[in-house]
Amino acid sequence: MPQPYGTWSSPFAAADIASSAPRIDGARFVGDEIWWGESVPAESGRVTVRRSSGDTVLPAPWSARSRVHEYGGGAWTADEQGTLFFVEASDQRVYRLQPGSEPEALTAVGADGRGPRHGGLRLQHGRLLAVREDLGADPHRRAIIEVPLDGRAADEADAVRVVVEGSSFFAHPVLSPDGRSVAYVEWSGTRMPWQSAQLHIRTEGAGGSFEEATIDTVSALQPHWISDSELLYLDDRPIAEDGPVRWSLHRAVRDASGSWQRAGVIAPADADTGYGLWVLGNRWYQPLPDGRIVAVRTNGADEVVVVDRDGAVQTLEVPASAHVSVDDVCGTRVLLSGGGATVNAGLWVADVESGDVSAVRGGAPADSAWMPPARAFTIDGAHGPVHAFDYPPANPNVVAPDGELPPYIVFVHGGPTAHVAGAASAAIAFYTSRGIGVLDVNYGGSTGYGRAYRERLDGQWGVVDVDDVLAAARGLAESGRADPRRIAIRGGSAGGWTVLSALVRGGVFAAGISRYGVADLRMLAEDAHDFEKHYIDGLVGPLPEAEQVYLERSPLTHTDRIDVPVLLLQGEDDQVVPPSQSEAIRDALAERGVPHEYVLYPGEGHGFRKAETIVDSLERELAFLGRAFGFTSTR
């Protein structure tokens, strides 16, 4: 017998989603083994390090997690002998864990019991580089440092060698082969790194002197030394005269006079090798020992390619096609982490010579009967094309009544400079298997489609993103894929802002789910942490000049226009979007009697990591949609 959409029985329980696919946090070849970082939801989101032999390298309660720039990254590395170096989440100090021993601190503790934050660890030539952030200093200070491996800096903070220091932001430190030079990326706090970031080289001379060099870049990423006089790096430039602006591989060389010069782009393509620098430690390419380069190219979805020394490009056939990171290489083998269109997220090892690919962790094939393939969906919007991925309801055991159109939920990613790709996901199948379609939107401002698409949002946050999600939802309904009376919208952080802003517009969405979403721009500007302190200036405008724009665009100003049910989910310890934002919306909705629910999760920050939180939030969302759309769904 046909069953209405939303009521279908599903094997995807909320408890299964929390552990369905590993959240990989970096990977390395270590001796004959493969090591990787992995978040453990069942242990409150603790990040452990595991190895292919089956053992856990980093035992509980230790957790390798950085808080540099709030979003962290690059929280662990290891040497060939199996010594682990990591940033401990609780105090942000750098530790060393040798086989058979307990972790020992390598950096000092602060007066408040916590040390400065560390991240972006890079171990080369027996030397450990890190990005350091000291929020106890006035003004706040950041640096690239070298951490002594003999442990003396655990008691003597001055034993740390400072490579470069200032109020700017730093990323991607890397040592030259001779150990005399450090290349790194730097950007001013007044711009975001995907807007403007410079590539610097600092070289140690005779008598302790230093030479400084800056390579002319737009938005530099991931320098890598080929020799003492040649660098690879990524930059966001036109791939050809009057061509689209994409992150591409570039070379720089030092000439006979010692000056550094740009030496051209390598194998340009209308795709991005690079991404917004939200976290430290990402790797979009890795050179092989024979001179070839393995790189990710993104144009909506990801592909992995091998660039030959003559510039010829071959596709490496791998399952990964979403948020792929080229984590490490060893000979002709490469470690790739990410998601895929037909597989769950995981970690793979691929041999570029033989073409052999095997899963190290996760990466199980998705059951196509339950996991609908993503359908690329593009609609013309007010500001140009809007890109999205459509996941229709799919359940091999059920059919819907004739003539019934499915309810849909529109997913809105955060950032807003982030990106979604068409990938198999148990979190999406949680809805689609119950008869609720999902439309995942890359609104203007998203990465993965070039700089022009990303800059569509400049000065227009709360306008372009909202127009685009409204256009995508309308286009879906007009195509006959969705019931226009039963479309909800869901997003977190900046995506939560777009949710609330779209509900203010009205007329399209019948319900909204905001996860730690922004409600008041002025409040966001007051509470913004260092990394994003001036982000909103570019998205909306500077204060106080643009205060009226802040007021006009903030959903909190127009809560009288919200007339559909709203679910608000919030982490109590969120330092990026504090609970006061969600609570302001809650209070305004309560005053007007608009149906709503507010849930505050203790111990959660910006993004949910605990298994119990993930389970509870998903079950609440499902029940909420059932109430809004008039069906009772099985958990």
Side-chain angles (χ1 to χ4, degrees), residues 24 26-29 73-74 120 122 124 171-176 183-185 193-194 197 199 215 217-227 230-237 239 246-253 262-299 301-318 320-338 347-353 357 419 421 447-448 450:
I24 303 297
R28 283 185 59 86
F29 291 104
R122 189 66 182 259
Q124 296 175 281
H172 299 306
V174 57
L175 276 170
S176 61
Y184 58 92
V185 171
W194 47 87
L199 177 57
I215 296 173
T217 55
V218 178
S219 299
L221 291 168
Q222 195 190 337
H224 186 102
W225 294 90
I226 298 300
S227 69
E230 182 180 2
L231 269 173
L232 296 179
Y233 63 97
L234 301 174
D235 198 13
D236 195 20
R237 288 180 174 275
I239 60 174
R246 310 298 297 248
W247 270 302
S248 303
L249 274 163
H250 290 255
R251 289 177 64 243
V253 296
R262 290 190 293 116
V265 63
I266 299 172
D270 192 5
D272 285 313
T273 297
Y275 188 73
L277 215 173
W278 286 98
V279 299
L280 304 173
N282 282 349
R283 298 285 181 267
W284 297 275
Y285 73 94
Q286 295 277 4
L288 297 170
D290 62 9
R292 291 179 294 174
I293 301 170
V294 179
V296 178
R297 286 180 169 177
T298 305
N299 194 34
D302 293 354
E303 68 170 347
V304 181
V305 299
V306 180
V307 182
D308 289 336
R309 290 179 294 275
D310 61 2
V313 176
Q314 295 180 328
T315 300
L316 183 62
E317 299 296 338
V318 296
S321 60
H323 298 293
V324 180
S325 177
V326 188
D327 291 309
D328 200 9
V329 295
C330 180
T332 60
R333 296 185 301 155
V334 57
L335 285 176
L336 303 167
S337 58
L347 172 67
W348 294 267
V349 58
D351 192 306
V352 299
E353 206 64 57
V357 180
H419 174 77
T447 51

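Residues take their numbers from the sequence shown, with the count starting at 1. The shown structure was predicted, so the numbers you read here are calculated from the model rather than taken from an experiment.
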If we ignore hydrogens and angles and just use 3.5 Å, is the side chain of [X] paired with the main-chain N or O of [Y] as donor and acceptor?
X      : Y      : answer
Asp302 : Val296 : no
Gln222 : Tyr233 : no
Asp235 : Val218 : yes
Trp247 : Ser219 : yes
His419 : Thr447 : yes
Asp328 : Phe29  : yes

Can you see which heavy atom on Ser321 is nearest to which on Ala421, and at what distance?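 Where Ser321 meets Ala421 most closely, the heavy atoms are O-CB, 4.3 Å.
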Provide the closest heavy-atom pair for Gly274 versus Leu221 in the form atom of the first, atom of the second, distance.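 It is CA-CD1, 3.9 Å.
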Between Ser325 and Asn282, a side-chain donor and acceptor under 3.5 Å: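 Result is no, nothing qualifies.
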Which residue is it: Glu353, Gln314, Gln286? I am looking for the one with a side-chain hydrogen bond (donor to acceptor under 3.5 Å, both in side chains) to Arg292. Glu353
Which residue is it: Val294, Val326, Leu232? I am looking for the one with a side chain to side chain contact (heavy atoms under 4.5 Å, CB included) to Tyr285.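 Testing each of Val294, Val326, Leu232 against Tyr285, the sole residue satisfying side chain to side chain contact (heavy atoms under 4.5 Å, CB included) is Leu232.
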Applying side-chain contact (heavy atoms from CB on, under 4.5 Å), run through Leu316 and Val334 and close with a yes or a no. CA-CA 11 Å; Leu316 183 62; Val334 57; 4.3 Å; yes
Under the ring-ring contact (aromatic ring centres under 6.0 Å, His included) rule, collect the residues that match up with Trp348, sequence neighbours excluded.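 Not a single residue meets the ring-ring contact (aromatic ring centres under 6.0 Å, His included) criterion with Trp348.
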Take Val265 and Leu249 through the side-chain contact (heavy atoms from CB on, under 4.5 Å) test and state the conclusion after the steps. CA-CA 6 Å; Val265 63; Leu249 274 163; 5.7 Å; no
With side-chain contact (heavy atoms from CB on, under 4.5 Å) as the criterion, how do Gln124 and Val174 come out once you've worked through the C-alpha distance, each side chain's angles and the decisive distance to 0.1 Å? CA-CA 8 Å; Gln124 296 175 281; Val174 57; 3.5 Å; yes
Show every donor-acceptor pair shorter than 3.5 Å between a side-chain atom in residues 303-310 and any protein atom, with sequence neighbours excluded, or say none if there are none.
from, atom 1, to, atom 2, distance (Å)
Arg309, NH1, Asp290, O, 2.3
Asp310, OD1, Ala312, N, 2.9

Please lay out, stage by stage, how Asp272 and Arg246 fare under the test salt bridge (charged side-chain N to carboxylate O under 4.0 Å, His left out). CA-CA 5 Å; Asp272 285 313; Arg246 310 298 297 248; 3.3 Å; yes
